[in-house]
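What you see is a predicted model; the values in this text were computed from it and never measured. Order of appearance sets the numbers: ligands from 1, and atoms from 1 within every ligand. The first residue in the sequence is number 1, and the count goes up from there.
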Amino acid sequence: MLRIGLVLPDVLGTYGDDGNALVLRQRARMRGMDAEIIRITYGNAVPDDLDVYTLGGGEDTAQILATAHLAKDGGLNRAADNGRPILAICAGLQVLGHTFRAGGRTIDGLGLIDATTGGLNKRAIGEVATTPVAAKDWAGQLTSPLTGFENHMGSTILGPDARPLGTKTRGIGNTDDPAHAGAEGAVQGSVIATYMHGPALARNPQLADLLLAQALGKKLSDLEPLEIAEVSKLRSERLGKNAD
Ligand code: GLN
């Protein structure tokens, strides 16, 4: 049984990011695997032994609540220490960094990503697309362009222990700071984080399969491909010239 942890969907779940857990479950089931979603709601402990975890985006107040709960609980940090794959979206990305700005304050994050988040000059809203960064780590298996929808005020700067998930071809990505332009998302240890809503895994099936493969202790190329016409159509629409 593949157990997918949907972390705090009641506070971190804007733009249908809960759909990332649904996509993981469905792609596992389509390959004949048993899979279930464990919904971990606010105030409840995060089990540290699930196979894969997803965190979504959220408004500033929700994000502050989520961070306080996850820091006190410690389960997600232990899961990361155990190498469990974790996908974090937007506010989720910020929460996993060292610090972020929300509600006029600087808040300590969980420190799973070497990243600090301040404020953009102007809110980033719209389509974002990237080319995956070639790397020797597990996320370096990605080859397909990544597509999503961004809506954030956060400006995230990565430190040397994190690397970008992709290089931006469209949209804003992590920051509008020219010194760090081009980076989108973050990879560090077993964590992949991105500003891409969509939900990201519906738009990026290769990313979904990478997380599944990692959860199963396999390589991406070990998973039997799935041809889903609707997914191909969505990707060609979103990655095409008229994708707005
Ligand atoms: N509150 C954060 C920001 O504005 C995250 C927003 C989100 O998750 N969509 O940057």
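- Within the structure, ring-ring contact (aromatic ring centres under 6.0 Å, His included) contacts touching residues 76-120 (residues at least two apart or in different chains) do not occur.
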Please tabulate protein-ligand N/O pairs under 3.5 Å for ligand 1, atom names and distances to 0.1 Å.
| from | atom 1 | to | atom 2 | distance (Å) |
| --- | --- | --- | --- | --- |
| ligand 1 | 1 (N) | Gly58 | O | 3.2 |
| ligand 1 | 1 (N) | Asp60 | OD1 | 2.7 |
| ligand 1 | 1 (N) | Gln63 | OE1 | 3.0 |
| ligand 1 | 4 (O) | Met153 | N | 3.0 |
| ligand 1 | 8 (O) | Gly58 | N | 2.9 |
| ligand 1 | 8 (O) | Gly58 | O | 3.4 |
| ligand 1 | 8 (O) | Ala91 | N | 3.1 |
| ligand 1 | 9 (N) | Asn151 | O | 3.0 |
| ligand 1 | 9 (N) | His197 | NE2 | 3.3 |
| ligand 1 | 10 (O) | Gln94 | NE2 | 3.0 |
| ligand 1 | 10 (O) | Met153 | N | 3.1 |
| ligand 1 | 10 (O) | Gly154 | N | 2.8 |

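- Every ring pair (Phe, Tyr, Trp, His ring centres under 6.0 Å) that Tyr195 has, sequence neighbours left out, goes to His152.
- Using a cut-off of 4.0 Å between Lys/Arg side-chain N and Asp/Glu carboxylate O, Lys122 and Asp176 are scored as not salt-bridged.
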Output side-chain donor-acceptor pairs under 3.5 Å for residues 38-47, partner residues at least two apart or in another chain, one line each.
| from | atom 1 | to | atom 2 | distance (Å) |
| --- | --- | --- | --- | --- |
| Thr41 | OG1 | Asn44 | ND2 | 2.9 |
| Asn44 | ND2 | Thr41 | O | 3.4 |

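- Within the 4.5 Å cutoff, side-chain heavy atoms of Arg31 are placed close to those of Asp209.
- When all heavy atoms of Ala91 and Leu12 are compared, the closest pair comes out as CB-CD2, 4.1 Å.
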